[in-house]
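Worksheet: the structure to be examined is printed underneath.
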There are 2 protein chains.
Amino acid sequence: MLLPIQLSTASPEPMYHQIEVQLRGLILGGKLTEGTPLPSIRELALDLSCSVITIRRVYQDLENEGLIRTRQGTGTFVARVETEQRERNRLETVARAFGEAVETAVRYDCGPEEMRRLLEEAIVRREQREHPKGKGDQIHE
Amino acid sequence: MLLPIQLSTASPEPMYHQIEVQLRGLILGGKLTEGTPLPSIRELALDLSCSVITIRRVYQDLENEGLIRTRQGTGTFVARVETEQRERNRLETVARAFGEAVETAVRYDCGPEEMRRLLEEAIVRREQREHPKGKGDQIHE
DNA sequence: TAATCTGTATATATCTATATACACAGTATA
DNA sequence: TATACTGTGTATATAGATATATACAGATTA
């Protein structure tokens, strides 16, 4: 299974954290449901062009959060997530994301009207990138 | 002079980079103009509760970008910035900020309508934080 | 039971942040 | 007009976080 995770190598945000944030999003966002087997650490490391140890750390962190369950020799699986936790995290995360964008905009003397325009443009760019020829957005096997 | 720089100690983004991004924003955003003396590395380190070395690195990086000019024994000053460079960087940076916010939103199954609502909320939150009792946003001496 | 999946542990290199000691430039003042 | 003082940026050495390679151990299957 290929996970839709994008790494920005230019970013100063550590790899392990970029992966954690996105994988946590897939689980709490409901795109990966209880019991789903995650790719093996070697498979995901190869897919993301990083070390096995880095993926290992990500899985360990998320297991400590109770989001996944791992069994040596067998694999790693998505754990059960309470609806309440899912909703709370969802709201917090997305609200913070927009808070940071607004912060940057203000720093560059960008008013509300220009922010709204930039949001629309970002939405369109995202749409075009995701559906270049009308394809779906399923997680590939 | 106190610079309006906010550090998030929880964030995995390195300190030096958080400072760089925000100081670069103040210069390219036009809030700090050519010739303005920046605080000494010790003063800013004290203000931000970090090491002198960290500020030193920030100033060095920004000097390599040509945004500031430093003279031993005298201090560090804002350099001349071409209008074209200023505009280009401004657009790139703010557009990227919104691109990342949209990326996070999509990851959490958040549609355009909810994004617009969250943007408005973030703008209001920012306004309230910045002008709690109608104060201005000048850079304090 | 050998092969080959799975996760785990140890040792090492690079990056981030720091303390401490150093060198240059302006200013006060004897 | 020396020269000591206090401000500025600079360089060296060290601790901790991040990413890696390599070797190890459990689980499944041919």
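Lettering follows sequence order; numbering is per chain, from 1.
Taking atom CD of E63(B) as the reference point, atom P of dT10(D) lies 7 Å away to the nearest angstrom. In this structure, R57(B) places its CZ atom 17 Å from C1' of dG9(D), rounding to the nearest Å. Rounded to an integer number of Å, the gap from CG of L44(B) to P of dA17(C) is 14 Å. The distance from atom CG of D61(B) to atom C1' of dA17(C) is 14 Å, rounded to the nearest whole Å. Distance CG (L7(B)) to C1' (dT16(C)): 14 Å, rounded to an integer number of Å. Atom C1' of nucleotide dG7(C) and atom CG of N64(A) are separated by 15 Å, given to the nearest angstrom. A straight line from OH of Y59(B) to P of dT8(D) spans 10 Å, rounded to a whole angstrom. Per the geometry, OH belonging to Y16(A) stands 17 Å off P belonging to dC15(C), to the nearest Å.
The list of salt bridge (Lys or Arg N to Asp or Glu O under 4.0 Å) pairs with a residue in residues 32-54 of chain A, not counting sequence neighbours, reads E34(A)-R80(A).
Electrostatic pairing of E121(B) and R117(B) counts as a salt bridge here, judged by a charged N lying under 4.0 Å from a carboxylate O. A salt bridge links R129(B) to E103(A): at least one charged side-chain nitrogen sits closer than 4.0 Å to a carboxylate oxygen.
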Quick one: what's the B/S/- string for nucleotides 20-30 of chain D, heavy-atom cutoff under 4.0 Å, read 5' to 3'?
BBB--BBSS--
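For dT6(C), the OP1/OP2 oxygens have a side-chain nitrogen or oxygen of S40(A) closer than 4.0 Å. OP1 and OP2 of dT8(D) both lie 4.0 Å or more from every side-chain N or O belonging to R56(B).
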With a cut-off of 3.5 Å and sequence neighbours excluded, list every side-chain donor-acceptor pair involving residues 52-63 of chain A.
residue: R56(A); atom: NH1; partner: Q60(A); partner atom: OE1; Å: 2.6
residue: R56(A); atom: NH2; partner: Q60(A); partner atom: OE1; Å: 2.5
residue: R57(A); atom: NH2; partner: Y16(A); partner atom: OH; Å: 3.3
residue: Y59(A); atom: OH; partner: P39(A); partner atom: O; Å: 2.7
residue: E63(A); atom: OE2; partner: T70(A); partner atom: N; Å: 3.2

Cut-off 3.5 Å, no hydrogens considered: what does the side-chain donor-acceptor table look like for residues 4-13 of chain B, sequence neighbours left out?
residue: S8(B); atom: OG; partner: S11(B); partner atom: N; Å: 3.2
residue: S11(B); atom: OG; partner: E13(B); partner atom: N; Å: 3.0
residue: E13(B); atom: OE2; partner: H17(B); partner atom: ND1; Å: 2.8

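When distances run from any side-chain atom of I41(B) to the nucleotides dT8(C), dT10(D), dT16(C), the shortest one goes to dT10(D).
The structure places CG of L44(B) at 9.0 Å from CG of L2(B), a figure rounded to the nearest 0.5 Å. Atoms CG and CG, on L28(A) and L23(A) in that order, are 9.5 Å from each other to the nearest 0.5 Å.
Taking the side chain to side chain donor-acceptor pair (under 3.5 Å) definition, one finds that R90(A) meets it with E114(B), sequence neighbours left out.
A donor-acceptor contact shorter than 3.5 Å is absent between the side chain of R69(A) and the backbone of G35(A).
If one axis is set at each end of the helix from dT1(C)-dA30(D) to dA30(C)-dT1(D) from five pairs, those axes are 10° apart, to 10°.
Closest-nucleotide positions on DNA chain D for L38(B) and E13(A) were compared, and the one nearer the 5' end corresponds to L38(B).
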